[in-house]
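Worksheet: the structure to be examined is printed underneath.
Note that the coordinates shown come from a computational prediction; the quantities given were computed from them, not determined experimentally.
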Amino acid sequence: MSDQDYERDAEDLDWQLDDEQSSTTDDAPSSEAPSSEATGSEGSSEKSINGSAEKSAQEQGNHQGDNDYRSDGERVNSLVPASEMLPERIYLLPIHNRPFFPAQVQPLVVNRERWEETMRRVGNTPHHTLGVAFVGEQGVTSLDHEGFPEIGTAVKVHKLKGEDDQIQFIAQGLQRFKITRWLSKEPPYLVEVTYPKEPVDAENEETRAYAMAIINGIKELLPINPLYGEELKHYLNRFSPHQPGPLTDFAAAITSAKGPELQDVLATLSVEERMQKVLPLLRKEIDVALLQGEISEQVNAQMQDRQREFFLREQLKVIQRELGISKDDRENDVDTFRARLESLVVPERVQSRIDDELNKLSVLETGSPEYGTTRNYLDWLTSLPWGVTSQDQLDLPHARQVLDRDHDGLKDVKERIIEFLAEGKFKGDVGGSIVLLVGPPGVGKTSIGRSIAEALGRQFYRFSVGGMRDEAEIKGHRRTYVGAMPGKLVQAFKEVEVENPVIMLDEIDKLGQSFQGDPASALLEVLDPEQNVDFLDHYLDVRMDLSKVLFICTANTLDSIPGPLLDRMEQIRLSGYIAEEKLAIAKHHLWPKLLKRDNLTKKRISLSDAALKQVIEGYAREAGVRQLEKQLHRIVRKSAVKLLEEEPETVKISVKNLEEFLGAPIFRKEKVLTGEGVVTGLAWTSMGGATLPIEAGKVHSLDRGFKLTGKLGEVMQESANIAYSYTLGHLQEYGADADFFDSAFVHLHVPEGATPKDGPSAGVTMTTALLSLAKHHAIDRPLAMTGELTLTGQVLPVGGIREKVIAARRSDIFELILPDANKRDYEELPEYLKEGVTVHFAKRYRDVADVVFGRK
């Protein structure tokens, strides 16, 4: 069907519409009879159906112009034609969004390819009537005749027009229809219909009340919803309480209810029941419209207030400018920066730079990018505490009180800090010093730094340099980069607002390196007292004095710290805690802190000293106290559950019920390994000291050989080979069979093979294990040793004496063999560590053999 055909049909439809509006009784002009494209019986049946439908329409005539009258006698055009004027057979068109009501007149658009034949046949009928049915969300391809509802709306088609792949027309709702029989179950759908009566008693008081309520609801909706304009008012004037059916349909049509709800209204034939369903929908629409209106009013009010404030401010600026009492943003910024400098003692070279930048800022436009860059630069320069320092409290009794309050144990560390402060008392200043706190995790390095700051009365700033790869984190970015910022040190000064804070550089042994730079090298300028007087940050580009800062660094080990950086720091070692120190720390610090954090008291949760000691020995043997705190927190959590569920007055934790809270002990009391070829050594790790049993055994006598196991590093393997060679050459000297190793395959093993072990401190222990195997002499007492051995039998000094002594005490070993060169290190240990310990110092291996195997 061509566009010209549609235009011709549109002219017929326009003529038909004009004829209706003129209220004539002439018959409608006949259209060309439809031709069936189907073949067989179905095509014949459809042709006869069309023919009878057209004949019926011509016989009935067009009585749409008949007049209806209101009760007041005024004549109006009827919106709903009489049922006998509508055809008994009509074509169906499915719609998906929402049902079409008899009171509606609105344009519809359909797919031309699928519904062209249907619309052509409708256009060729004399009545131009189409059935519209709501099918919901069903897709076109899956649509079946069973998906059509029983009730739909018959519409008159006007102004039919085809454009591209669409067909447009105006649909005028006429009356409800009910499908009685399907004549064609495939498009174009053709059905036989009836037009059911809508029972209503217009004079019933309840019906009139509902009608008046609907009219009032529509009138209430008009002023609050701008979507319903003059046309809605025009339609409303055509209804009255004497026409409740069309009025109800019209009210349902203008709501935004969902399709199934509206279809339920359409399928309700009783007008009174229909009104009962429509009125709530109308009230809901009014409530939504009112809410939208309130939201719009609030938004408009806010916008108006902001606009009003903006205009008033702009007017105020103009008035002040005219009177000469106003300042623009640029002048305000300049005044702000100058006001900051009034209370500062700015070095001359820095003041000169600030003046140059202020002059530059005063001539730049506020909207230019250069203005923002310059303003940020001046903001940083003027925010630094030039010449502002805090007064140091070099009071040794106060410092002791703070250290003892915050820390138990660590007496040697506390004394070292007191010495450091006493020296500053005589100098009058402790600035310029760099203290390095070295120790295993959890021993309190960071908290000691805070205590030093509090004892001095200085501001404290901490940042971690662990994993830092970019030197710009230390020295800042150059201002040529987008988003450039100063380094961490400048940021620290801005935050603490003094030039002499305590700055802690945490995890300095974990600095990284990358293509972006080497932050360890950048720290050399920061920590060198000879250089940090004129520290240069790349962003500020002016010299700063860092000599008044007290730097405190922390590390777990010294191996990964670059030599030049380590050389600039003064080391204070924190070697860990013995059981007695841990007990005091738990009672005085950890346990009270955990109870306070959970809002509990000692009366509610009671932990005995014996149970606390068992926690330390059985669950937390590490050098620090972090694991101990975790285990105590676990006890608090489980106790809180008991308090809530069982509601006892007090939860008591003792040695007997400790396993209910923590499970089986992780560590058990282990007996020191003894036997031929078994010796206990002492080792140092980054986690503290540890005992290291070493075993030597003879595998067979078939051939000479030596085997090492235990995941040993290169240094340990060298120590083992030296021990084997020395023992092989001095068997007779130490009373062993000189031919023992000639036919013996010896296996030397260091237990815990999955743990990497390396370090120059096991040579003496390995030699003793091999000699014990060759002499068939077992060590029958708790004895531990450490030291490195040369091929000539010299015993070399080792490190970590404090950690090793603590590890031996932890394992209840109180007889030790140490290198003679470490005698001074042992004597410097606090007395409580040396109490009850017997130490033998060895210069040569002969001294070790005399202690272990006895003199000849």
Side-chain angles (χ1 to χ4, degrees), residues 68-72 74 76-80 95 97-107 132 134 151-153 155 171-176 196-300:
D68 289 342
Y69 292 88
R70 293 182 184 172
S71 59
D72 55 5
E74 182 183 353
V76 295
N77 288 335
S78 175
L79 290 175
V80 184
I95 57 176
N97 294 333
R98 50 191 284 135
F100 201 98
F101 282 88
Q104 283 185 269
V105 177
Q106 70 177 45
V132 178
F134 173 70
I151 301 295
T153 301
V155 302
Q172 176 190 0
L174 300 177
Q175 189 169 333
R176 286 171 174 77
K197 294 183 178 181
E198 302 175 10
V200 61
D201 183 3
E203 300 303 326
N204 186 301
E205 292 184 0
E206 184 176 357
T207 303
R208 290 173 60 84
Y210 269 111
M212 292 301 298
I214 291 176
I215 291 176
N216 292 334
I218 297 175
K219 289 182 178 180
E220 186 179 350
L221 188 61
L222 289 179
I224 60 177
N225 194 328
L227 295 177
Y228 310 122
E230 293 298 327
E231 294 183 4
L232 188 60
K233 296 179 183 179
H234 174 69
Y235 286 133
L236 189 60
N237 291 332
R238 301 171 62 182
F239 295 109
S240 73
H242 302 286
Q243 295 177 318
L247 177 65
T248 307
D249 291 340
F250 175 72
I254 65 174
T255 65
S256 59
K258 296 183 179 179
E261 292 179 310
L262 295 178
Q263 178 61 33
D264 182 42
V265 173
L266 183 66
T268 303
L269 300 181
S270 173
V271 176
E272 290 184 3
E273 294 181 8
R274 195 188 316 159
M275 296 171 82
Q276 293 173 2
K277 294 181 178 180
V278 169
L279 191 56
L281 298 179
L282 189 59
R283 292 309 310 175
K284 182 178 179 181
E285 194 73 18
I286 293 172
D287 292 340
V288 172
L290 287 173
L291 181 59
Q292 290 177 345
E294 291 177 3
I295 296 173
S296 299
E297 287 179 3
Q298 292 177 2
V299 173
N300 292 335

Residues which pass side chain to side chain contact (heavy atoms under 4.5 Å, CB included) with Q104, listed by chain and number, not counting sequence neighbours: F100, F101, Q106, A253
Rounded distance [0.5 Å steps], NZ in K284 versus CG in D287: 10.0 Å
Residues E220, E285; criterion side chain to side chain contact (heavy atoms under 4.5 Å, CB included); working and verdict: CA-CA 10 Å; E220 186 179 350; E285 194 73 18; over 6 Å; no
Donor-acceptor contact present, side-chain R176 to main-chain P102, <3.5 Å: no
Short N-O contact, R98 and E261, less than 4.0 angstrom: no
E206 and M275: CA distance, side-chain angles, deciding distance, side chain to side chain contact (heavy atoms under 4.5 Å, CB included) verdict: CA-CA 10 Å; E206 184 176 357; M275 296 171 82; over 6 Å; no
Residue among T268, D249, T248 satisfying side chain to side chain donor-acceptor pair (under 3.5 Å) with R274: D249
Minimum heavy-atom distance G173-T153, with the two atoms named: CA-CG2, 4.4 Å
Residue pair I151 / L266: nearest heavy atoms and the distance that separates them: CG2-O, 3.7 Å
V278 versus A251, closest heavy-atom pair with distance: CG1-CB, 3.8 Å
Heavy-atom closest pair, residues I218 and L282: N-CD2, 3.9 Å
Heavy-atom pair with the smallest gap, counting every atom of K197 and L269: O-CB, 4.4 Å
Over 12 foreign heavy atoms within 6.0 Å of CG, N216: yes
Partner residues of A213 under the side chain to side chain contact (heavy atoms under 4.5 Å, CB included) criterion, sequence neighbours left out: L279
E205 CD to R208 CZ distance, which is reported to the nearest 0.5 Å: 8.5 Å
Heavy-atom pair with the smallest gap, counting every atom of T255 and L262: OG1-CD2, 3.8 Å
